[in-house]
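Throughout, a chain's letter reflects where its sequence line sits, starting with A, and its residues are numbered from 1.
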Amino acid sequence: MFMSGNGSEERIVYLDNAATSFPKPLCVWRAMEHYFFKVGGNPGRSGHRLSYRASEILFDTREALARLFNIDTPERIVFTKNATEAINVAILGLLKPGERVVTTAMEHNAVMRPLRYLEKTQGVRVDVVPADSRGMVDMEAMARVLEEKAALLVVNHASNVAGSLVDLAGVGALAREAGVPMLVDVAQTAGCFPIDVKSMNISIMAFTGHKSLLGPQGTGGLYVAPGLEPYPLIRGGTGSKSELEEQPALWPDAHESGTPNVVGLAGLRAGVEFVLEEGVDSIRAHEGRLFERFWQGAREIPGLILYGPDEWKERVAVVSLNVGGEDPAWVGHRLDRDYGIMVRVGLHCAPSAHKSLGTFPRGTVRVAFGLFNTSDEVDMALEALEAIARG
Amino acid sequence: MVGRLLTFVNTHRVIKAERLLRGSNLEVEVIPTPKDISSECGMSLVVKEGEFQRALDILAEAGVEVVSVHEWKRE
């Protein structure tokens, strides 16, 4: 990809799609522009047409997400500023003092920190199911741990460090058998891996809008199945039941106090519709081809250490690696400075995952492919890594 | 439009109802809910008197709950 920077064209190879996807489809920008110039109203507040059109943007975004995830009740999708906020609403809003929660060693701090907070302040018991050195969660241990009563199971669908997937249908079946609601963090999979809340038995799902759903930053949300009622983290004006000074229990109003990020959600809607049109299966196939090309090439480079599963069916296109004993920060800097290649280095906000891989506290270099990457870009990354590994 | 005014629990349901009714070729006007009727939601739907029962049937079939129904006489 070529970008103009400081008046001159520069070649950019963006391989940091696990942090945020870039670039976005043109339709996302157009939808945001349309909101800015043609809509502009505050949804659910005033009675005029621009307010109503803004409400329709939220409505259509929920409908598009419901289609993507096979959700029957779009009003039970509420918008947050990111997956972290959605996870916090679910964890803090559902767990009561002294209850037991089960999670995995591959979680992001978006899950671990609220859980450790409740452990410390509310006496919540946190049981962590281990993962192996490839980042695969131990399913036998999961089954054993779920034999004891738990109030919630929290699972990361795909690791943001190793790219390793959890077999959601399998874990979902265990959760259903144990009668435990399952909260899934789909930050790394929504939009690039097929997700069906019904067949996977997902009770609660936290998603981000700015990764594979191709929306802008500042968008995300939470789906909660009927029958589960987390208490709201934020209370305030909803435009409904205005005569009451108590928070309404209605969905989505209960969890959407204050004016939402309509311009962002207009972009998210366009992103989700783009994904629906491309097809998640075809997006996954494209990313699979990029991964296979990279993985085969990377294995040939002396000194390169690769983490995570070898098999595409067990992972997404997020790859962690190290170059010999070199500091990941320096490798990342050389990729950027000398080759124009953008990656992320360090612990990726997931210390527990790095402990499973044996890469704590050094961390890794993370290469994450997206829908708009090409096989040429894979080759450029391989050439650069080979040159850095040669020293 | 003169007819019946239907109120809903929130804007999400108003939009859902409006699209269902328009999709069935019913005439619908979206208006701010009059203060003497309710503060449930900012918007309500007005349908023609002659199409009112059909509107209720369509909404009931789709599971969209109507909170209240009122006569509406303002043009």
Side-chain angles (χ1 to χ4, degrees), chain A residues 39 41-67 71-79 221 223-224 226 232 236-260 262 265 269, chain B residues 1-48 51 55-75:
Chain A
V39 184
N42 192 330
R45 301 303 196 271
S46 317
H48 52 74
R49 71 187 72 178
L50 294 189
S51 166
Y52 195 71
R53 282 177 199 157
S55 299
E56 287 186 295
I57 288 174
L58 304 192
F59 184 93
D60 289 328
T61 311
R62 276 185 248 277
E63 293 279 322
L65 288 161
R67 275 204 302 286
I71 290 169
D72 286 339
T73 49
E75 69 274 13
R76 294 191 65 100
I77 299 170
V78 295
F79 297 119
Y223 161 72
V224 182
T238 58
S240 54
K241 301 233 177 203
S242 295
E243 76 282 11
L244 297 178
E245 290 190 355
E246 278 175 16
Q247 186 77 357
L250 313 162
W251 288 74
D253 311 30
H255 295 279
E256 288 187 356
S257 292
T259 301
V262 192
L265 293 168
R269 173 195 165 187
Chain B
M1 183 168 75
V2 173
R4 298 284 183 114
L5 181 141
L6 315 180
T7 68
F8 299 87
V9 79
N10 59 14
T11 311
H12 182 88
R13 300 267 176 92
V14 174
I15 297 172
K16 193 167 181 182
E18 187 216 351
R19 297 203 178 169
L20 279 165
L21 298 179
R22 283 199 205 280
S24 303
N25 292 320
L26 267 63
E27 205 177 317
V28 183
E29 187 176 353
V30 184
I31 68 163
T33 307
K35 203 166 174 293
D36 57 355
I37 289 179
S38 170
S39 66
E40 280 276 314
C41 159
M43 311 297 275
S44 294
L45 300 183
V46 178
V47 294
K48 285 179 177 168
E51 291 180 338
L56 287 188
D57 292 344
I58 291 166
L59 296 176
E61 200 187 331
V64 180
E65 187 196 344
V66 177
V67 172
S68 61
V69 181
H70 310 266
E71 279 189 24
W72 188 246
K73 294 195 167 133
R74 306 188 89 160
E75 281 292 345

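Neither the backbone nor the side chain of A:Pro43 comes within less than 4.5 Å of any heavy atom in chain B.
Chain B is approached within less than 4.5 Å, heavy atom to heavy atom, by A:Tyr52, A:Ser55, A:Glu56 from residues 48-58 of chain A, ordered by number.
The residues B:Arg19 and A:Asp60 are annotated as salt-bridged, a charged nitrogen and a carboxylate oxygen being separated by less than 4.0 angstrom.
A:Phe59 CZ to B:Arg13 CZ: the interatomic distance, rounded to the nearest 0.5 Å, is 10.5 Å. We find the NE2-CG distance between B:His12 and A:Leu250 to be 11.5 Å, quoted to the nearest 0.5 Å.
No other option in A:Gly47, A:Pro252, A:Pro248, A:Pro74 has as many heavy-atom pairs under 4.5 Å with chain B as A:Gly47.
Remark: A:Phe79 engages no residue in a ring-ring contact (aromatic ring centres under 6.0 Å, His included) (not counting sequence neighbours).
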